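Note that the structure is predicted; figures quoted are calculated from it, not measured. Reminder, nothing fancy here: chain letters follow the sequence lines and each chain counts from 1.
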Amino acid sequence: MFKDENEFKNIVKKLNIDTKTNPAHREKLKEKMLSVFNETSQNSGTTKLVLWRIIMKSPLTKLAAAIIFAASLIYFIFPTKQPVWADIVGAINNADNIHVVMKITRFNSQIDVENFWIKNKSMFRAEQIDDGITIDDGINCLNLDVKYKEAKFIYSNSTRTDNMKAIFLKFVFLFNSETAPDLAEDLAEDYKTTELTEESTDTERVFKITFHDDWTGKVWINKKTNLPRNIIITPIKKDDQSVLSLEIIYDYQPISLEKFRFYIPKDYKFLPRLEDMDESKEVNPIK
Amino acid sequence: MAKIVELTNDDLVLRARTQADALGQLYELYYERIFRFCVHRLFDREIAEDVTSTIFLEIAKKIRNFPGDSEQDFANWLYAIAANHANAYIRKNSRRKKLLEEAARSTKTTMEEKSSERDWPRLYAAIIKLKPQHQTIITLRFFENMSYEQIAKILKIKEPTLRVTVHRILNNLRDELKNVFETEV
């Protein structure tokens, strides 16, 4: 008889329990599971909510995901068949400086503002509510956790180039949608866009956008540059996200390189990411 | 030369919300563990396969709304769903009875069998008499070797409470095994 936890552990350890898996079941279940996943995807009106959740929850991909969200609004509201699409894609692709301000108004009247700067398609800076400040100069990426006063490098250059770029960057900048073709197609079909000719002016086109029964809003496009200026969307159903509205403001004025300079405040603890530790020591990015 | 770092499992969890290939990779990472958990909880391999299927199909349906952002969050969520399904299965009286009967039958083994082969059904017969949540706790702690911290997160209970509960469960098990097997265990 066992006397304590350790002795009970030993009894369990000695048990000869057959837990060998059945490869046929494993394969069949995987197939079925992915089929269910894809069906859910096709029937779901929540794809954008997923993007939203990624923005709100992911400390690792907040920057990229937030930009995806902002950019995807532009991407998907103009299905490729519409002539205006190519112009807008081209305009965004050619923009060397993009400053994105996301204003999230919550039901309790709280307004959260997050900022993203993108320069030369390779340099990023994000200032976010939960994740603090992220600076990526195209070579190194630094995260400043404002709450805990910690600084750490979150990606090496090669990681960004090989993975982040492959997953997000092309998508973000609308080079193509090869990394997420299914998602792109789904969303493109899910958006409904109508030009509000009565609101359009000599300088701007205004479109009404609707995503299923989830979100609705407007987008303003500069007629001359074909660049988006502003997007305001609100959830149609007041769900548990407690977001009253989301406003995205785009600005294309030249961004100073100073925005992408690494800076670690004196009272911050420096925590290099383990995988990048050697590299970060060599680079010494703190200027 | 910069060191190439593979996508972490945390990245995989985030991608799995929208990408089937990422979900498939997560499945490969966790299928064996969940099946093993189900065998430990349900004794019968076929039933374990059925419940494993139910668990992963639920994951496929719910992954888009999964609220976490790390592999640890995912594991906690997955095991919580697994525990719920296993408990639901056991709560069905007929199944519980069947499991008990099967475990009892297995205890009537020949002396030629190794003691380890006899002990599992006997121990299971004692475990299955516990409350479903206590069964889950015992399985996660002693069969899956999880920390108190992780079990507390999975079951959404406080760690000190969990420790006390484990202590009580072991006392119950000790009594149960003593009554059934007297001094044999």
Side-chain angles (χ1 to χ4, degrees), chain A residues 1-5 8-9 11-22 25-26 28-30 32-41 44 46-47 49-51 53-54 56-61 65 139 155-159 161-163 167 179-180 182-183 273 275-279 283, chain B residues 1-8 10-11 14-21 23-24 27-28 31-32 35-37 39-40 45 48-49 52-53 56-57 59-70 114-117 119-120 123 138 141-143 145 166-167 170 173-174 177-178 181 183 185:
Chain A
M1 185 58 59
F2 57 91
K3 289 175 185 170
D4 56 25
E5 202 175 308
F8 187 70
K9 266 185 190 171
I11 287 176
V12 173
K13 208 178 282 181
K14 286 176 189 169
L15 295 173
N16 186 21
I17 305 170
D18 180 9
T19 57
K20 197 177 172 187
T21 57
N22 173 359
H25 176 260
R26 185 183 188 134
K28 199 175 167 184
L29 175 58
K30 184 178 183 181
K32 194 171 178 184
M33 183 190 71
L34 294 180
S35 165
V36 167
F37 176 77
N38 288 329
E39 280 172 24
T40 310
S41 166
S44 171
T46 60
T47 316
L49 300 186
V50 171
L51 287 174
R53 284 196 173 91
I54 290 172
M56 303 311 288
K57 297 286 184 184
S58 162
L60 201 62
T61 61
I139 299 170
Y155 306 113
S156 69
N157 176 43
S158 54
T159 307
T161 308
D162 298 341
N163 294 325
I167 294 166
T179 55
D182 296 338
L183 180 65
R273 181 171 165 166
E275 292 93 327
D276 298 336
M277 196 172 280
D278 293 339
E279 183 188 39
V283 172
Chain B
M1 183 69 186
K3 187 177 169 185
I4 294 177
V5 181
E6 296 294 328
L7 277 182
T8 66
D10 289 349
D11 298 329
L14 294 169
R15 287 175 53 214
R17 291 185 174 111
T18 53
Q19 296 175 27
D21 67 320
L23 180 61
Y27 172 85
E28 293 297 345
Y31 172 84
E32 206 168 314
F35 175 72
R36 189 181 61 209
F37 169 79
V39 170
H40 291 150
R45 288 173 56 85
E49 280 188 357
T52 302
S53 297
F56 279 106
L57 293 180
I59 294 296
K61 287 176 187 168
K62 292 185 171 175
I63 186 75
R64 289 170 191 285
N65 298 322
F66 166 60
D69 53 27
S70 68
K114 293 174 189 171
S115 63
S116 59
E117 289 170 355
D119 287 345
W120 166 225
L123 181 57
I138 285 293
R141 177 67 184 155
F142 298 102
F143 290 81
N145 293 314
V166 168
H167 182 73
L170 287 180
L173 273 181
R174 192 180 295 116
L177 290 167
K178 196 175 180 180
F181 304 115
T183 57
V185 175

Q. Would you say the side chain of A:E5 lies within less than 4.5 Å of the side chain of B:H167, judging by non-hydrogen atoms?
A. no
Q) How far apart are the closest heavy atoms of B:F142 and A:K9, and which atoms are they? A) CD2-CG, 3.5 Å
Q) Does atom NZ of A:K30 have more than 12 heavy-atom neighbours, drawn from other residues, nucleotides or ligands, at distances under 6.0 Å? A) yes
Q | Distance in Å, B:H40 NE2 paired with A:I17 CD1, rounded so as to fall on 0.5 Å steps | A | 4.0 Å
(Q) Under the rule for side-chain hydrogen bond (donor to acceptor under 3.5 Å, both in side chains), what residues qualify as partners of B:K62, not counting sequence neighbours? (A) B:E58
Q. Where on B:Y31 is there a heavy atom nearer than 4.5 Å to chain A: the side chain, the backbone, both, or neither?
A. side chain
(Q) What's the separation between atom CZ in B:F143 and atom CG in A:L15, rounded to the nearest 0.5 Å? (A) 5.5 Å
Q: Go through the atoms of A:N22 and report whether side chain, backbone, both or neither lie under 4.5 Å from a heavy atom of chain B.
A: both
(Q) If you define the side chain from C-beta out and look only at heavy atoms, does anything of A:F8 sit under 4.5 Å from B:L123? (A) yes
Q: List in chain and number order the residues that pass ring-ring contact (aromatic ring centres under 6.0 Å, His included) with B:F35, two or more places apart in sequence or in another chain; answer none if no residue qualifies.
A: none
Q. To the nearest 0.5 Å, how far apart are CG in A:L29 and CG in B:L57?
A. 5.5 Å
Q) Between NZ of A:K28 and CD of B:E49, what distance do you get to the nearest 0.5 Å? A) 10.0 Å
Q) Taking it one step at a time, do A:K32 and B:F56 satisfy side-chain contact (heavy atoms from CB on, under 4.5 Å)? A) CA-CA 9 Å; A:K32 194 171 178 184; B:F56 279 106; over 6 Å; no
Q: Search all heavy atoms of B:A20 against all heavy atoms of A:L34 and return the closest pair with its distance.
A: O-CD2, 3.4 Å
Q: Check each atom of B:I63 against the heavy atoms of chain A and say whether the ones under 4.5 Å are side chain, backbone, both or neither.
A: side chain
**Q.** B:Y27 side chain reached by A:R26 side chain, heavy atoms, under 4.5 Å
**A.** yes
Q.
Looking at B:R45 and A:D18, would you say the former's side chain and the latter's main chain have a donor-acceptor pair under 3.5 Å?
A. yes
Q. Is there a donor-acceptor contact under 3.5 Å linking the side chains of B:T52 and A:H25?
A. no
Q | Gap between atom CG of B:L23 and atom CG of A:N38 - 0.5 Å precision | A | 9.0 Å
Q) What distance separates A:T19 OG1 from B:E32 CD, expressed to the nearest 0.5 Å? A) 7.0 Å
